[in-house]
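All remarks here apply to the structure that follows.
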Amino acid sequence: MIGRLNHVAIAVPDLGAATALYRDTLGATVTPPKAEPDHGVTVVFIELPNTKIELLEPLGENSPIAAFLAKSPSGGIHHVCYEVDDILAARDRLKASGARVLGTGEPKIGAHGKPVLFLHPKDFNGTLVELEQA
Ligand SMILES: CC[C@H](C(=O)O)C(=O)SCCNC(=O)CCNC(=O)[C@H](O)C(C)(C)COP(=O)(O)OP(=O)(O)OC[C@H]1O[C@@H](n2cnc3c(N)ncnc32)[C@H](O)[C@@H]1OP(=O)(O)O
Ligand SMILES: [Co+2]
């Protein structure tokens with residue numbers, strides 16, 4: 001079911017500082033920041049030869065990453081995103097297996113303009129899993 005690793009996401013307290021770190025210290029090319037109010041974050045992407053790094057900071061009052069950053073103020077790896085061929089079929093199969101699909105269970109459009117879903121970290125070895133329609 002899961003395919004390519006689309007991205008590894010790092011939650012950060014200061015997106016500007018993290019962008020400068022990746023750009024200036026690690027020589028990475030970083031996309032301009034993009035506010036994603038429907039997801040409660042602002043994100044940038046670093047395109048690597050074999051995957052992407054997503055840097056995200058909270059946006060708005062009820063950001064889903066606020067509690068994560070409260071626990072880890074300097075930031076940390078937040079989630080991994082796998083691509084799936086059919087996100088609705090994947091969702092239904094996961095729900096049938098007892099996995100918790102977060103939110104309403106309906107995919108939202110993610111940063112790449114594709115439907116995405118999230119699976120509870122407690123069901124996947126303490127790792128928040130994002131699925132993105134390939
Ligand atoms: C623009 C879209 C973009 C894209 O790529 O397209 C994105 O990736 S958007 C990313 C931001 N959106 C989300 O993360 C949505 C899904 N996340 C959630 O719904 C919440 O963050 C949730 C439910 C995973 C956690 O919410 P919260 O931290 O408020 O709940 P708890 O404090 O009760 O946490 C429960 C339990 O889970 C542990 N936890 C929380 N976050 C993570 C994490 N990222 N990785 C691993 N574990 C996590 C937390 O420590 C609690 O564990 P416990 O042992 O009970 O203390
Ligand atoms: Co993501």
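Keep in mind the model is a prediction, meaning the values are calculated, not measured. Start at 1 and go down the list; that is how both ligands and their atoms are numbered.
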Side chain, backbone, both or neither: which part of [X] has a heavy atom under 4.0 Å from ligand 1?
{"X": "H78", "answer": "both"}
{"X": "P121", "answer": "side chain"}
{"X": "A67", "answer": "side chain"}

If we only consider heavy atoms of [X], is any one of them less than 4.0 Å away from an atom in ligand 1?
{"X": "K71", "value": "yes"}
{"X": "G126", "value": "yes"}
{"X": "H112", "value": "no"}

Measuring from [atom], which candidate in [options] has the nearest non-hydrogen atom?
{"atom": "atom 26 (O) of ligand 1", "options": "S72, P64, G76", "result": "P64"}
{"atom": "atom 18 (C) of ligand 1", "options": "L102, T127, V116, V41", "result": "L102"}
{"atom": "atom 17 (N) of ligand 1", "options": "N6, L128, L56", "result": "L128"}

Would you check if [X] and [Y] make a side-chain contact, meaning some heavy-atom pair closer than 4.5 Å?
{"X": "V84", "Y": "I2", "result": "yes"}
{"X": "E47", "Y": "T29", "result": "no"}
{"X": "I87", "Y": "E132", "result": "no"}
{"X": "N6", "Y": "K114", "result": "no"}
{"X": "L94", "Y": "F124", "result": "yes"}

Determine whether any protein heavy atom is located less than 4.0 Å from [atom].
{"atom": "atom 14 (O) of ligand 1", "result": "yes"}
{"atom": "atom 8 (O) of ligand 1", "result": "yes"}
{"atom": "atom 5 (O) of ligand 1", "result": "yes"}
{"atom": "atom 31 (P) of ligand 1", "result": "no"}

Looking only at heavy atoms, what is the nearest atom pair of P58 and I65, with distance?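 In terms of heavy atoms, the two residues are closest at N-CD1, 3.6 Å.
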
Closest non-hydrogen atom pair, P33 against L15: CB-CD2, 4.1 Å

Around D24, counting heavy atoms of other residues, nucleotides and ligands shown, do more than 12 lie under 6.0 Å from its CG? yes

For D38, is the CG atom crowded, meaning more than 12 foreign heavy atoms sit under 6.0 Å from it?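 Yes, CG of D38 has more than 12 neighbouring heavy atoms, counting only those of other groups under 6.0 Å.
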
Protein N/O/S atoms closer than 2.8 Å to the Co ion (ligand 2): H7 NE2, E54 OE1, H79 NE2, E130 OE1

Output the list of atoms in ligand 1 that are nearer than 4.0 Å to some heavy atom of G110, sorted by atom number. 6 (O)

Contact list for residues 100-110, test side chain to side chain donor-acceptor pair (under 3.5 Å), sequence neighbours left out: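 Qualifying pairs, neighbours excluded: R91-E106, R100-D123.
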
Any N/O pair K122/ligand 1 closer than 3.5 Å: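 Yes, at least one N or O pair falls under 3.5 Å.
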
Spell out, as yes or no, whether a donor-acceptor pair under 3.5 Å connects the side chain of E57 to the backbone of V43.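 Answer holds: no.
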
Reference residue F45; test side chain to side chain contact (heavy atoms under 4.5 Å, CB included); the match among V30, T31, L56: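 Among V30, T31, L56, the one meeting side chain to side chain contact (heavy atoms under 4.5 Å, CB included) with F45 is T31.
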
